[in-house]
Amino acid sequence: MKNVKIQLPDGKRAEFPAGASVKTILESSGAKGLDEAVAARFNGKLVDMSHGVTEDGKIEPVAAASRDGLEVLRHSISHVMAQAVQDLFPGVKVAIGPSIEEGFYYDFDFKDTFTTEDLARIEERMAEIVSRDDSFERRELPRAEAIRFFRDRGEIYKVELLEDLPEEVDTVSLYEQGGYVDLCRGPHIPSTGRIRAFKLLNVAGAYWRGDEKNAMLQRIYGTGFATKAELDDYLTAVEEAKKRDHRRLGRELDLFQVNDEVGPGLIIFHPKGALLRTIIEDWERKEHLKRGYDIVQGPQILKGDLWKRSGHFDHYRENMYFTEVDEELYGIKPMNCIAHMLIYKSKIRSYRDLPLRYFELGTVHRHEKTGVLHGLLRARQFTQDDAHILCTPEQLNAEIQAITGFVDDAMRIFRFEYEVELSTRPAKSIGTDEDWEMATTALEDSLKDRGMAYEVNAGDGAFYGPKIDFKLKDALKRKWQCATIQCDFTLPERFDLTYVGADGERHRPVMLHRVILGAIERFMGVLIEHYGGAFPLWLSPVQATVMTVTDRHIPYGEEVLRSLREAGVRAEGDFRNEKLGYKIREGQMQKVPFMLVIGDREVESRTVSPRQRDGENLGALAVPDFIRLVLEKTDRFE
RNA sequence: GCCGAUGUAGCUCAGCCGGUAGAGCAACUGAUUCGUAAUCAGUAGGUCAGGAGUUCGAAUCUCCUCAUCGGCUCCA
């Protein structure tokens with residue numbers, strides 16, 4: 001937590017971590033017996049003890065002062081919600097109710113279902129509790145006594161939580177507000193009256209303890225902020241995000257469709273979507289060739305025996321499609337690795353040949369559960385920018401570093417920030433401990449050598465090896481998993497891949513699986529939402545629309561359009577008999593970067609007048625000058 | 001797959017207690033030839049997701065199936 005300097009009431013300056021409360025600050029400088037209701041003067045402003053220091057040195061209500069404060073506030077609201085629910089629906093059992101990134105939730109076991117009308121009633125009851133300003137009282141109890149307490153009240157979920165605590169825990173804390181008691185570690189706000197802005201959002205099913213074998217509980221989501229203004233800002237931001245939804249923009253910009261006649265999770269790309277996709281794929285091929293990859297291509301279906309040998313049949317069968325050809329079982333590929341290994345195996349390899357980098361825009365099919373499908377972001381057929389690198393253990397570090405450099409370049413070009421995670425061995429996995437150790441170290445060392453910050457995600461690796469995940473952050477700060485590097489020592493073993501070393505002996509290569517953008521479909525979905533459909537010029541399927549003012553300008557308009565297309569500018573013409581304002585409006589809604597208005601002036605001077613998407617007019621330009629402008633920007637990924 | 005909600009014209013949505021379908025935009029036709037976010041008029045468009053049932057009669061009530069949306073679990 002960042003330290004900030006503040007001025008104390010006595011005029012002295014001192015440093016405290018952001019989020020520290022006024023009470024803590026005063027107590028640390030000797031004040032005693034401060035009650036929450038006491039007020040003090042900071043920077044000339046009279047504030048109560050529940051205020052705290054923000055990162056920029058301001059004194060605000062503690063909830064707004066820091067992330068921690070906001071979490072405490074939201075967690076307290078979730079207790080108030082649980083109280084309201086149990087008031088209104090006797091017999092409902094409570095499970096857990098934490099604060100989360102955007103608000104809070106509480107899970108309930110209720111034999112009926114909560115409706116939208118119920119949410120409104122719960123909100124009303126919560127407002128009553130808030131207006132009573134009941135204080136949150138902390139109380140500690142021996143664990144056994146707490147178990148008895150909750151068992152007597154039939155709160156079986158709380159009992160289970162208490163029973164599963166580590167053995168050494170002998171005391172637990174309870175919080176009570178207005179007669180409602182909950183098992184809770186705390187902390188909480190002093191009293192319910194501090195709650196000023198909250199809203200219940202929706203109800204959803206959720207498994208008890210996140211396990212699909214357990215009972216399905218009902219989860220009520222809500223959010224809360226220190227002020228009404230912040231809550232309103234949040235709600236408008238949610239509305240804005242909806243306008244960027246790639247499924248909505250996909251239709252509005254005529255990019256793609258998911259059609260239930262075709263089948264769930266299967267995407268049809270329309271001309272503009274397919275063009276956007278082609279632009280990305282062309283970029284991929286060029287970048288891979290530049291970096292020493294070979295472009296390869298495998299078949300869509302491979303015999304069942306290969307999948308048994310690779311381990312996919314044992315570990316991935318429920319996600320695969322199978323078909324029978326001439327009484328033989330074939331698996332439709334869910335991954336691209338096998339063909340790449342067979343290319344490697346097609347001849348004897350020397351250490352001088354390594355590393356070998358096989359790249360494929362590989363289309364795969366995965367039988368995803370219907371409930372997880374989500375537009376372009378989660379489909380049943382998708383195309384990965386997949387590569388498999390076969391190298392010696394000594395080359396591993398340099399190869400991994402080169403890939404992280406590739407990801408970094410890609411993220412810069414597509415204008416994303418990103419975070420890095422290292423995922424280690426999961427419970428369901430294959431391979432020896434030594435191999436896992438070696439592979440995990442190789443990944444970790446490469447990150448350290450590049451000086452990259454990363455977090456460890458224990459137990460989240462693939463079944464055949466550990467991985468580095470890159471989570472990109474879009475314009476709305478949402479995170480998406482796209483690039484990943486996976487270290488695999490198992491498949492080279494299973495397929496008996498070897499190379500002849502300098503010593504004349506046969507050795508086992510290591511294999512890296514990696515994707516840069518991940519799946520083209522998912523990446524496009526993220527791109528659409530990131531840019532809100534207003535793609536940079538180099539990615540725009542239509543870079544310029546030529547618009548005529550009247551019919552007599554059509555011949556010159558067609559001439560301009562032809563010149564643009566011949567020069568490689570992606571252009572369209574709007575020569576309809578409509579008013580210019582109407583055409584501009586459509587061009588704006590289609591988010592076309594340039595609109596070229598053709599009227600008498602342009603015909604006469606043989607120029608174009610480009611209007612940018614942001615409304616700015618560039619004035620008259622000769623056609624070759626405009627072409628140069630577009631092509632230069634395109635080359636610079638602008 | 002699980003919990004809940006939803007499915008009416010290309011899109012956004014009306015359609016009450018069951019009496020046989022409507023608007024705006026888009027499309028099409030005509031008029032208009034116009035300079036930077038919507039010109040006017042007219043026309044056409046629907047097995048009310050699909051199937052079964054209740055009823056004299058179903059978009060509306062019941063059941064089943066499919067799909068979508070919000071979550072959970074899983075994941076590129």
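Remember, it's a predicted structure, so these values are computed and weren't measured experimentally. Residue numbers start from 1 in every chain, and the chains themselves are labelled A, B, ... in the order their sequence lines are given, proteins ahead of strands.
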Checklist entry - Which residue, A:Arg576 or A:Phe114, contacts RNA chain B at a nucleotide closer to its 5' end, judged by nearest heavy atom? => result A:Phe114
Item to check | Contact nearer the 5' end of RNA chain B, comparing A:Cys482 with A:Ser609 | outcome: A:Ser609
Categorize [X] for me: base, sugar-phosphate, or nothing, with a 4.0 angstrom heavy-atom threshold over every strand shown.
X	result
A:Arg552	sugar-phosphate
A:Lys242	nothing
A:Glu521	nothing
A:Ala483	nothing
A:Gln481	sugar-phosphate
A:Gln218	nothing
A:Arg251	sugar-phosphate
A:Glu602	base
A:Asp386	nothing
A:Val515	nothing

Checklist entry - Could you go step by step and tell me if A:Asp574 and A:Thr545 meet the side-chain hydrogen bond (donor to acceptor under 3.5 Å, both in side chains) rule? => result CA-CA 7 Å; A:Asp574 187 348; A:Thr545 304; over 6 Å; no
Item to check | Watson-Crick or G-U wobble mate for B:G7, both contacts under 3.5 Å | outcome: B:C66
Checklist entry - In terms of side-chain heavy atoms of A:Thr550, which of B:U33, B:A37, B:C75 is nearest? => result B:U33
Next on the checklist: Rounded to the nearest 0.5 Å, what separates atom CG in A:Asp385 from atom CZ in A:Arg514?
Outcome noted: 6.0 Å
[atom1]-based separation of [M] from [N] [nearest Å]:
N	M	atom1	answer
B:A76	B:U6	P	34 Å
B:G19	B:C61	P	11 Å
B:A59	B:G46	C1'	11 Å
B:U47	B:A37	P	39 Å

Checklist entry - Do A:Phe256 and A:Ile528 have side-chain heavy atoms sitting under 4.5 Å apart? => result yes
Item to check | A:Gln300 atom CD, neighbour heavy-atom count above 12 within 6.0 Å | outcome: yes
Next on the checklist: Using a 6.0 Å cut-off, check whether atom CD of A:Glu616 has over 12 heavy atoms from anything other than its own residue.
Outcome noted: yes
Next on the checklist: Should A:Tyr582 be counted as stacked on B:A37, where stacking needs a ring-centre gap under 5.5 Å and an angle between planes under 30 degrees?
Outcome noted: no
Item to check | Rounded distance (Å) that lies between atom P of B:G7 and atom CD of A:Glu261 | outcome: 20 Å
Item to check | Donor-acceptor pair (no angle test) under 3.5 Å: A:Arg611 side chain, B:U36 base | outcome: yes
Checklist entry - A:Glu529 side chain to A:Ala241 main-chain N or O, any donor-acceptor pair under 3.5 Å? => result no
Checklist entry - Does the side-chain hydrogen bond (donor to acceptor under 3.5 Å, both in side chains) test come out yes or no for A:Arg209 and A:Tyr207, once each step is laid out? => result CA-CA 6 Å; A:Arg209 298 193 139 182; A:Tyr207 299 109; over 6 Å; no
Checklist entry - How does protein reach along nucleotides 62-73 of chain B, written 5' to 3' as B (base within reach of a heavy atom under 4.0 Å), S (only sugar-phosphate), or - (no contact)? => result -----SSSBBBB
Item to check | Full working for side-chain hydrogen bond (donor to acceptor under 3.5 Å, both in side chains) between A:Gln384 and A:Arg522 | outcome: CA-CA 9 Å; A:Gln384 298 175 300; A:Arg522 171 177 289 185; over 6 Å; no
